[in-house]
Amino acid sequence: MPHCQPEQLALAALHEPLPADDAAHLGSCAECRAEVAGLQRAVGAVAVPEFAEPGPPVAPPASVWAGIAAATGVQAAPGAHAHAAPAAEAPSAPVGATAPVDAGGQVLPLRRSRRPVLLIAAAAVTGAVVGAGAVALVQGDESLEPLTTVALEPLDGEPASGRAEVVVRPDGSRALEVDLDAPAVEDAYYEVWLIEPGIVEMVPLGVLRPGTQTLELPTGLDLAAYPIVDVSVEPLDGDPAHSGVSVARGQLES
Amino acid sequence: MTGLLDRAARLGSVGTVNSEPVPAPSGAAEPDDAEVGRRFAAGDEQALALAYERWAGQLHGMAVRAFGPGPDAEDVTQQTFISAWTGRARYRPEQGPLPAWLVGVCRHKIADAWARRDRMRREAEAAVSEAQATPAGGTTPPVDSVVTDRMLVLEELERLGQPQRGIIELAFFADLTHAQISERTGIPLGTVKSHIRRTLERLRTRLEVDGAALPA
Ligand SMILES: [Zn+2]
């Protein structure tokens, strides 16, 4: 019986099934098998799951762009186009370049563009009215009893900790009461965020001082979708995005 | 005060979305992916920012899949963009879309990281065997030949023209059969097969010439 066609042996090297007669020949011919093995060396080297086509996206932390901007000297910043709204004066400095990413604290993956965050927030808002998570949370509607309380644990030994409570007022509006035990920071401030479990989408709740304060929760926000309460340190750089430096976190249970 | 202004701006944005749940169509001024690719190749800095905005998530997803979340993955993503930007002369827009090319660069960076780990492992093992003075053989542990092969193959893939490169990448990385590749690309079955054969031969030659000798 003749040897297999070279093309067939190449396909065999790629682990494609061969027609029956080729397969039978390959089983009995050491020469053809050696040919397949020779071609297979390259296949085996790169046919690894890590090299497969990209799967689900993961937003890199702000420090990644800061490093790129520093290394390339590029002045443009991602997200500038997403900020066509009047309030957003596009920053000329690279976004996140001044974030104190080396000052310790947990660097978390962040989406650079604000636009997707807002779109997801919109989806959460429209869906939350009838969302199971929202219904479960708003059951205790009549009282100011906390619906859920979460301890804010320090990240990476940061000297920040505390407690956050979701409360519902008689009119049905909700707020987050935060008790933060942390030192005052210079040229920076603390900010509270609600973040989804994938740590990509997030809702900013506002500026926080050490001590106790109450922050409004956006009407209709599905807390089950954004269960992570995150306290970040934000530099006074005018960049509204999360700095990537978190000092304390807890997870709401619903 | 800046912080309070930030906050106002943010709450304003959320409010806007709240009252207008239908996402507005992106502005006409927004360049499409092909345009971003052409501007990237031409050295337009804004195109680097746009490329990052559009594809950093995908690339970082790859890096995280390989190394888990953290500094190793972040380094891969960062190096991918730095290297793509400084080596943008190698990107030819007419040869394929920019995101596909960036994915190729990202594979290189992942392979680089593996090679560094392999080197560190060998150095550590060499130190241990030296300390123990094993009688069996105190030589430096061998380079992991797969690590070297991987770099060589990725390098050689970069040198391939189209459609050869696209075809073999679909076979390697999208796990498509030659029939599926033919269907996907519209290239005749016989042509796909002969490109695959010739590319695998070319890769084999490269490994034979530059790769580590395999144990007989
Ligand atoms: Zn044979």
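Throughout, a chain's letter reflects where its sequence line sits, starting with A, and its residues are numbered from 1. Note that these values count all heavy atoms, side chains included, but never hydrogens, waters or copies made by symmetry.
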Decide if atom [atom1] of [X] counts as having more than 12 heavy atoms of other residues, nucleotides or ligands within a radius under 6.0 Å.
X	atom1	answer
B:Arg159	CZ	yes
B:Asp33	CG	yes
A:Gln5	CD	no
B:Asp32	CG	yes
B:Glu94	CD	yes

TODO: Taking the side chain as every heavy atom from C-beta outward, state whether A:Pro54 and B:Val103 have any atom pair closer than 4.5 Å.
DONE: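 Yes; the side chains approach each other to less than 4.5 Å.
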Part of [X] lying under 4.5 Å from any heavy atom of chain B:
X	answer
A:Ala52	both
A:Pro49	backbone
A:Pro6	both

- [ ] Go through A:Glu35 and B:Arg204 one step at a time and tell me if the salt bridge (Lys or Arg N to Asp or Glu O under 4.0 Å) criterion holds.
- [x] CA-CA 10 Å; A:Glu35 174 80 2; B:Arg204 176 178 62 189; 3.4 Å; yes
Heavy-atom pair with the smallest gap, counting every atom of [X] and [Y]:
X	Y	answer
B:Ile82	A:Gly67	CD1-O, 4.1 Å
A:Pro61	B:Tyr52	O-OH, 4.1 Å
B:Arg65	A:Phe51	NH2-C, 4.1 Å

- [ ] With a 4.5 Å cut-off on heavy-atom pairs, point out which of B:Leu48, B:Ile168, B:Asp75, B:Val146 contacts chain A the most.
- [x]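 It is B:Leu48.
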TODO: Could you have a look at B:Ile196, B:Leu207, B:Val64, B:Val153 and say which one has the most heavy-atom pairs with chain A under 4.5 angstrom?
DONE: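 Heavy-atom pairs under 4.5 Å are most numerous for B:Leu207.
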With rounding to the nearest 0.5 Å, note down the distance linking [atom1] in [X] to [atom2] in [Y].
X	Y	atom1	atom2	result
A:Leu39	B:Thr199	CG	OG1	11.0 Å
A:Glu7	B:Leu189	CD	CG	11.0 Å
B:Thr177	A:His15	OG1	NE2	14.0 Å
B:Gln78	A:Thr72	CD	OG1	10.0 Å
B:Phe67	A:Glu50	CZ	CD	8.0 Å

TODO: If a pair satisfies ring pair (Phe, Tyr, Trp, His ring centres under 6.0 Å) and one of its residues is in residues 148-199 of chain B, list it, with sequence neighbours excluded.
DONE: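 Counting only pairs at least two positions apart or across chains, no ring pair (Phe, Tyr, Trp, His ring centres under 6.0 Å) contact touches residues 148-199 of chain B.
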Task: Test item: B:Arg150 side-chain N/O and A:Ala45 main-chain N/O as donor-acceptor pair under 3.5 Å - done: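 Here the side-chain-to-backbone pair exists.
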TODO: Please confirm whether the backbone N or O of A:Ala76 pairs with a side-chain atom of B:Gln46, one donor and one acceptor, at under 3.5 Å?
DONE: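 Looks like no, no N/O pair under 3.5 Å.
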Task: Ion pair check, B:Arg107 and A:Glu53, cut-off under 4.0 Å - done: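 Yes.
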Open item on the list: One thing to verify: whether B:Glu201 and A:Arg41 come together as a salt bridge, which I'm taking to mean a side-chain N less than 4.0 angstrom from a carboxylate O.
Closed with: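 Judged by the 4.0 Å cut-off on N to carboxylate O distance, A:Arg41 and B:Glu201 do not form a salt bridge.
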Task: Derivation and outcome, side-chain contact (heavy atoms from CB on, under 4.5 Å), residues A:Gln8 and B:Arg197 - done: CA-CA 8 Å; A:Gln8 292 301 104; B:Arg197 169 74 201 188; over 6 Å; no
TODO: Could I get the full list of side-chain contact (heavy atoms from CB on, under 4.5 Å) partners for A:Pro183, not counting sequence neighbours?
DONE: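 A:Pro159, A:Tyr190.
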